[in-house]
Visitor: 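Here it is, the structure in full.
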Amino acid sequence: MFALIDCHNFFVSCERVFRPDLENKPVMVLSSNDGCVIARSNEVKNLGIPMGVPVFKIRHLIKEHNIQLFSSNFLLYGNLSTRVMSVLQTFVPNMEIYSVDEAFLDCRGLKEDLENFSGRIQSTVKQWTGIPVGVGIAPTKTLAKVATYFVKKRKFDTCVLRSSNDIEDALSQTPIEEVWGVGRKGSQKLKTLGIYTALDLKRVDPRWMRKTFSVTGERLVRELQGVSCLPLEAEGEDKKSLQVTRSFGRPITQFSELKEAVLTYTCRLAEKLRQNQQKAQMLSLYIRTSFFKEDYLCRSGVISLGQGANDTPSLVKAAAQILEKIFVPNCPYQKAGLTAIDLTSRNSVGMGKPLQSSLFEKGGEFAQRAQTKKNEQLSDALDVIHRRFGSQSLVIGGCGLTSDWKVQCNMRSPAYTTNWNELLCVGGDNIARVSIK
DNA sequence: TCTGGGGTCCTAGGACCC
DNA sequence: TCTGGGGTCCTAGGACCC
């Protein structure tokens, strides 16, 4: 049996941990640039506000219902996520962190009654972290997903699907578009084939499904039939790609400004690579205008980083080269994104596979190695300085200093758990109502 | 006026190998 | 006249997830 633990309205719940006065009030968290709704409290869901809707379309509802807004504060959410996961780790030997707000637990060998077990998880996480969670338990991961769908819909705390009667009953009440792995396109196609519920899908021939929807479709059907095809993923797998993509606070037309933005994102990407102890062998960059405007334009390019790099100077140089190549003048760019691909594994010798050196390396092998070493030392120093004095304390020249193209986030909550200067104050002018149970 | 960010997996088709 | 069979690797694009 698999247990899926799913945090309720996670980002909103994180904000409420430090703002208990917002309990039972409508609260939303917005995407970067305060553009779209990415998390809603139950009160907001009850108003019929959908996930992902742009804020400007619902201004009137926000005002009318006095909805409390927050810019996204991923530092906070990431930190609270870590807390929740470490509490979950105390319950079972094997678990998979599936996303920032979800984890699968392997329930094999559990002596305890499952209803009791899930209740205990739910109350412990709430008490130790302040985050409310739902728990769904079933024989496969996909069925556990169905169980948590019921938790959300029916406002249960927990749901255990065990007997085939219970499972079939739950599946018959699950619309096909709610099944894990069936997206918008898939559900449209399935409906034209007469498959409307999860139960309908469970009853199709897996071999037919493979022909029509590839191996992924076949696995899905088998999972619904109770045959586990998706094992718990091992922990600490290396990432296969890393990205930094951002929309700008306003459209950018000038090359010089676009370059500042791209190089700023590149520095961040290099930092992420170093944090992960990985190197990239390829770097790709795209720049694009707004989807919603006429003459939509998207340009992209890829460049090789030779044997793999994660030092800031190498990546910055590569990104600038791509940008020169793909830039088209007089376009209102709205977004840029970088992706590091072909990442070397964390555990391989000397960080990165022991690759052959390139036959066509310029400047001779020794000069090249010396330069790489310098760049890596510089990057390490940069990391140390950023940790100590903040990420803005020292930047490379190409990133610019004014950068008024930066994303808007005017309603961000404090970094309550990661910055000494932003700890929650109790008493004084700014009294927070914290109830300690 | 105003529309997120970061990932994974799968397939098809082409180039290439013996 | 007539031209095989069995592979791997790479890339682009699509779909899906949170």
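Please read these numbers as outputs of a predicted model, since none were measured by experiment. Proteins come first, then strands; the chains are lettered A, B, ... in the order of their sequence lines, and each starts at number 1.
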Visitor: Among dC10(B), dC2(B), dC17(C), which nucleotide has an atom closest to any side-chain atom of Arg219(A)?
Guide: dC10(B)
Visitor: If you only use heavy atoms from C-beta on, which nucleotide in dC18(C), dG4(B), dT3(B) is closest to the side chain of Pro54(A)?
Guide: dT3(B)
Visitor: Checking contacts here: which listed nucleotide (dG4(B), dC18(C), dT3(B)) is nearest the side-chain heavy atoms of Phe56(A)?
Guide: dT3(B)
Visitor: To the side chain of Ser247(A), which of dT8(B), dG5(B), dT11(B) is closest?
Guide: dG5(B)
Visitor: Is any side-chain nitrogen or oxygen of Ser72(A) closer than 4.0 Å to OP1 or OP2 of dG5(B)?
Guide: no
Visitor: Does dG5(B) have OP1 or OP2 under 4.0 Å away from a side-chain N or O of Ser32(A)?
Guide: yes
Visitor: Output the single nucleotide from dA15(C), dG7(B), dC17(C) whose closest atom is nearest the side chain of Lys239(A).
Guide: dG7(B)
Visitor: Among dC18(C), dG5(B), dG4(B), find the nucleotide with the atom closest to the side chain of Lys335(A).
Guide: dG5(B)
Visitor: Just checking, Arg288(A) and Tyr286(A): is the charged tip under 6.0 Å from the six-membered ring centre and within 45° of the axis?
Guide: no
Visitor: Could you check which nucleotide pairs with dC9(B) in any of the strands shown, counting Watson-Crick or G-U wobble with both distances under 3.5 Å?
Guide: dG14(C)
Visitor: So do Leu161(A) and Phe150(A) actually touch side chain to side chain, heavy atoms under 4.5 Å?
Guide: no
Visitor: Choose from dG5(B), dT3(B), dC10(B) the nucleotide whose nearest atom is closest to any side-chain atom of Thr216(A).
Guide: dC10(B)
Visitor: Side chain of Arg246(A) only, please: which of dG6(B), dG4(B), dC17(C) is the nearest?
Guide: dG6(B)
Visitor: Hey, does Arg222(A) have a side-chain heavy atom less than 4.5 Å from the side chain of Met209(A)?
Guide: no
Visitor: Of the nucleotides dG4(B), dC18(C), dC16(C), which one has an atom closest to the side chain of Asp101(A)?
Guide: dC18(C)
Visitor: For the atom pair NZ (Lys259(A)) and CD (Gln254(A)), what is the distance rounded to the nearest 0.5 Å?
Guide: 13.5 Å
Visitor: Starting the side chain at C-beta, find the nucleotide from dG4(B), dG6(B), dC16(C) nearest to Gln243(A).
Guide: dG6(B)
